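Report on the structure given below.
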Amino acid sequence: MNVLWIMADQLRWDYLSCYGATHIETPNLDWLATRGVRFNRAYVQSPICGPSRMSYYTGRYVRSHGSTWNGFPLRVGEPTLGEHLREIGVKCTLVGKTHMTPDLEGMKRLGIEPEGTIGARVSECGFEVFVRDDGTNHSDYPSRHAEDYDRYLREHGMDGDNPWEEWANTAIGPDGELRSGWVLENAPFAARVPREHSETAWLTTRGIEFMEGQGDQPWLCHLSYIKPHWPYLAPAPYNDMFSAADVPPVNRSDGERRSDHPLMQAWMDMRVSKNFSRDEVRNFVAPVYMGLIRELDDNLGRLFGYLGECGRLDDTMIVFCSDHGDNMGDHWMGEKDLFYDCSARVPLIVYDPRREADATRGTAVERLVEGVDLTPTFVEFFGGQPKPNIIEGLSLQSLLHGQKIPWRDFCVSEYDYATRDARRVVGVDQGNARLTMIFDGRWKYVHVEEMRPLLFDLESDPNELVDLGGDPAFAEQVDRMRGLHFAWTRQHHNRITRTAEEVEAMTDAREPPGILIGYRDRAELESDGRSLPPHARR
């Protein structure tokens, strides 16, 4: 049995037709949903690439693994999915993006050579790398890892100092001039790279090549796409497949813009938020965002076709998700910040080939699911033992097989905004620049250090337009959600070196052998089944 774990970058859950979108069709993901289970309320552990992915790859919350922002290294020694799977004989391989930053200082302190076998795995979040591609334009960017794609483009006649930048992220304007994909107004122009050589098409081909080369050893392939993440530039015909008329109405209100919350005001005043709040910007970026999604879906059709042709659908679990969404002007926001559903809620579709999952095929699950749940799901799928002292997520296997078991009452997402401009605008020290979302399925509570919380009632306000956090009428709900947050913070998050069974055994044994504490006399000691050492029998 094998696992193909597909992740898109910055893909909104409500831009897939299997999730009810009417402005775009994604037939291949729709097909996957008919074969598997669609999780309707899946949330990531942070709405930012790096920390979200580190939670996916460790099964641990952001506060636990400590990689709280892009470029913040995952510390040496943090257990990862790759390590859990290797213990049980499963190859864990990367094809695409991780946004992983290695803890080089930690490796140096421990004498681990980055180029060695152990150092390479530590540097790649536990994955064996078939190909890594994090994109971005600058050749010196520490997490670029686009050399293989650069080489591929050169082999196909697309040369340059940085082919990714000069072909995949550059368009040709109406007068033949070169236009950069980093400038939003250039989004409608077709990328120079042909569709068959785009990054999405190339990664799909590399994923197929990996699977073609596998033997009898079970494997997990993490096929991790760059798109539809910015730069918003698509090859023809995807660049003009959609128009502004196809884009759904923006989700925001004048009341939000007049918020009395200082952090929200600071966030809406950031440059990226102001730009995406302009209708003309959204109207030429959102159609290309949709085109990138359609390009991804078309390539997934090619991928699923290969799996069917070679018989892999019979022995391969397929998981599709994204690392976070995209605000796209909703709530007067750009990028993927904060915990609105357009950002923190993600698509999650799981196809389990085993017959135990037959009864749930084509169904939807409403339970609250988190990104940390995938690591324990994969471990259980491959026959590994649970590790609840390390892995904080819950295996989805019971839900995939239609079993009714106790489940979580709320989910958690975190955000470290220390590096954001808004932090300095509101005058918060970087040590206190943290946000935590607690969502119980109806009430979404956001703890804001040094300020009042945010609160949304998704039953009466599913679009999250009315912040009730400062309304005295909802003080009781605020207190209740604050209590859930406090309960979660009191859990063990870092007692990972002893299993529950080991702790119980230590409790039964009381003190270690030879340690005799607090006995009044020898008779009490012997009645407790203990004895003095041979040289001291009196």
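What you see below is based on every heavy atom in this structure, not just the backbone, and it leaves out hydrogens, waters and symmetry mates. Worth saying up front: this structure is predicted, and the values here are computed from it rather than measured. This chain uses plain numbering: 1 for the first residue, then up along the sequence.
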Where do Arg53 and Asp9 land on the salt bridge (charged side-chain N to carboxylate O under 4.0 Å, His left out) test, with the steps shown first? CA-CA 10 Å; Arg53 288 169 178 271; Asp9 198 326; 3.4 Å; yes
Worksheet item: Are Ile349 and Phe39 close enough, and set up right, to give a side chain to side chain contact (heavy atoms under 4.5 Å, CB included), and what steps lead you there?
Response: CA-CA 6 Å; Ile349 304 169; Phe39 291 89; over 6 Å; no
Salt-bridged, [X] to [Y], with N to O below 4.0 Å?
X      : Y      : value
Asp134 : Arg132 : yes
Arg86  : Glu83  : no
Asp315 : Arg354 : no
Asp440 : Arg442 : no
Glu414 : Arg434 : no

Below 30° counts as parallel, above 60° as perpendicular, anything between as tilted: where do the rings of [X] and [Y] land?
X      : Y      : result
Phe276 : Tyr232 : perpendicular
Trp31  : Phe304 : tilted
His447 : Tyr445 : tilted

**Study point:** Criterion side-chain hydrogen bond (donor to acceptor under 3.5 Å, both in side chains) against Tyr225, the qualifying member of Thr200, Asp133, Thr204
**Key:**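 Exactly one option meets the side-chain hydrogen bond (donor to acceptor under 3.5 Å, both in side chains) with Tyr225, and it is Thr204.
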Requested in this report: Using distance alone, with no hydrogens and no angle criterion, decide if Arg60 and Asn494 have a side-chain donor and acceptor under 3.5 Å apart.
Outcome: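 Arg60 vs Asn494: donor-acceptor pair found between side chains.
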Original post:
Less than 6.0 Å separating the ring centroids of Trp443 and Phe456?
Top reply: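 Aromatic pair excluded; centres sit 6.0 Å or further apart.
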Partner of Arg12 under salt bridge (charged side-chain N to carboxylate O under 4.0 Å, His left out), picked from Asp341, Asp323, Asp326, Asp330, is Asp330
